[in-house]
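The structure appears right after this line, and notes come after that.
Quick note on labels: first sequence line is chain A, next is B, and so on, each numbered from 1. From a predicted model like this one, the values you see are computed outputs, not experimental measurements.
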Amino acid sequence: MIKPTGIKNLAQSFSNFIYKYFENGSGKMILYTTMIAMGSSTVAQTLAILLNNKYSVSQKAFMVPQELTEGIMAICSLFIISKPLQHFSNKLTKSGKLITKDLKLYLEKHNLSQNCGKYDFDIEKSINDIIKNIQDNHKNLNISDARSEQIINSHKEILQKFYVHSDISSAIATTAGSVLTTAYISPFIRNLSASHYQPVNINLYKNISNKKQKNNINSITDYKTQNYNNSGLKI
Amino acid sequence: MRICCNNDKNISYGSSWYSNFFEKLPNKEIKNSAKYNKIGNALASPHWNRAVIGLAAISTQPAIDYFNPRVDKDTATAASLRTLAKICVCTAVGFCVRGGAYKLVNKYANENLKGNSSILIPKEILNETNNILKSQKLKLHKNALSTVSAICIMLVTNFLLDAPLTTKFTNYLISKYMSANDSPEVKR
């Protein structure tokens with residue numbers, strides 16, 4: 001019988017492993033998990049096509065490369081579409097090109113709104129600079145430690161709001177990339193690839209099937225009879 | 001190429017056409033923050049993200065397969081029905097598995113709860129003094145944990161649920177299509 005402490009230790013070890021492995025960001029995690037998920041899904045669906053006897057040879061010859069191309073496309077789209085879109089969305093939020101009401105008011109209050117939308121402007125760095133400035137100079141400005149702590153916390157609150165805004169815009173951009181790939185790009189490319197490989201695969205299946213038959217038949221008469229009835233080849 | 005210098009320590013390189021294009025884009029202020037947060041949080045959760053992608057796929061993929069001019073009608077029909085069945089099954093299973101993993105991780109990785117409820121939070125996060133960094137790290141960790149857990153489960157469900165259910169649903173759709181079109185068989 002498995003003890004509750006055993007499950008607890010297992011869950012803790014798993015959690016620590018995930019933290020150590022993906023500590024430096026979600027990029028590596030998204031890449032690996034998508035590759036594993038798409039890889040296993042593609043293998044499972046390809047097997048399902050090959051084992052389904054409702055499909056004819058020509059249908060299987062089309063569907064197998066269609067499924068394989070879809071899996072490859074899902075992984076490639078991460079690099080070609082999702083990553084650049086995510087980078088672009090990060091740039092939009094960091095520069096203030098896409099901004100929330102709270103952040104805009106904050107920038108106006110600190111005379112930084114004129115930099116909003118400029119390529120080199122970085123909201124996160126600007127807020128951190130303000131916090132660092134207060135931490136370094138609050139004694140020179142005759143501000144008590146408690147008061148400076150209060151002021152710093154209010155700036156940190158804004159920084160937290162910026163992170164939330166950045167996360168949300170990143171999630172929207174990544175989803176938009178996935179939708180673009182899944183709904184429009186992938187279906188056309190996989191159909192092109194599958195149509196290209198369909199005749200090649202039909203010949204391949206026929207060759208395999210013929211070889212199997214040659215091994216099974218003993219007389220030429222049997223061979224001719226079986227070959228004649230062979231219009232609906234199954235794999 | 002040009003060099004953009006923010007300060008002495010931080011030098012970044014960027015292409016001038018990209019920065020020119022970027023600066024020409026209009027500034028946009030989000031007025032309805034509540035709605036924006038709601039949409040963003042929904043898309044950031046793995047199960048709703050899967051549902052959105054599934055809906056997008058079902059709106060175009062079966063039609064693109066059905067009207068594929070490069071294959072014969074029977075193959076195009078069978079491929080279209082298989083795509084429809086696959087999207088329905090994979091989206092439903094993916095939604096349930098991801099949603100379950102996400103809820104389970106959120107339940108057991110809640111730092112406000114004591115005892116067993118914080119077993120999924122590593123010491124490095126619990127000991128973090130900066131609250132902003134702590135919440136960021138916790139959020140990233142929860143996402144990573146729920147995604148990896150869901151993938152581990154899906155390695156099994158892809159073979160035991162998705163593939164057989166897709167086959168059964170495709171065969172059902174093909175038989176329905178055949179009877180509706182009064183055709184002796186879809187396959188050649």
Whether [X] side chain and [Y] backbone form a donor-acceptor pair below 3.5 Å:
X: Thr182(A); Y: Ala57(B); answer: no
X: Glu29(B); Y: Ile99(A); answer: no
X: Tyr36(B); Y: His165(A); answer: yes
X: Asn27(B); Y: Cys116(A); answer: yes

Pairwise side-chain contact, [X] with [Y], heavy-atom cut-off 4.5 Å (strictly under):
X: Ile30(B); Y: Lys101(A); value: no
X: Arg70(B); Y: His196(A); value: no
X: Ser15(A); Y: Ile121(B); value: no

Can a salt bridge be assigned to the pair Glu67(A) and Lys86(B) using a cut-off of 4.0 Å between side-chain N and carboxylate O? yes
Partner chain B: residue of Thr181(A), Leu92(A), Thr46(A), Val164(A) with the largest heavy-atom pair count (under 4.5 Å): Leu92(A)
Which one of [options] has the most heavy-atom pairs closer than 4.5 Å to chain A?
options: Asn171(B), Asn49(B), Ile151(B); result: Asn171(B)
options: Thr167(B), Asn143(B), Thr170(B); result: Thr167(B)
options: Ile39(B), Leu55(B), Thr147(B), Val105(B); result: Thr147(B)

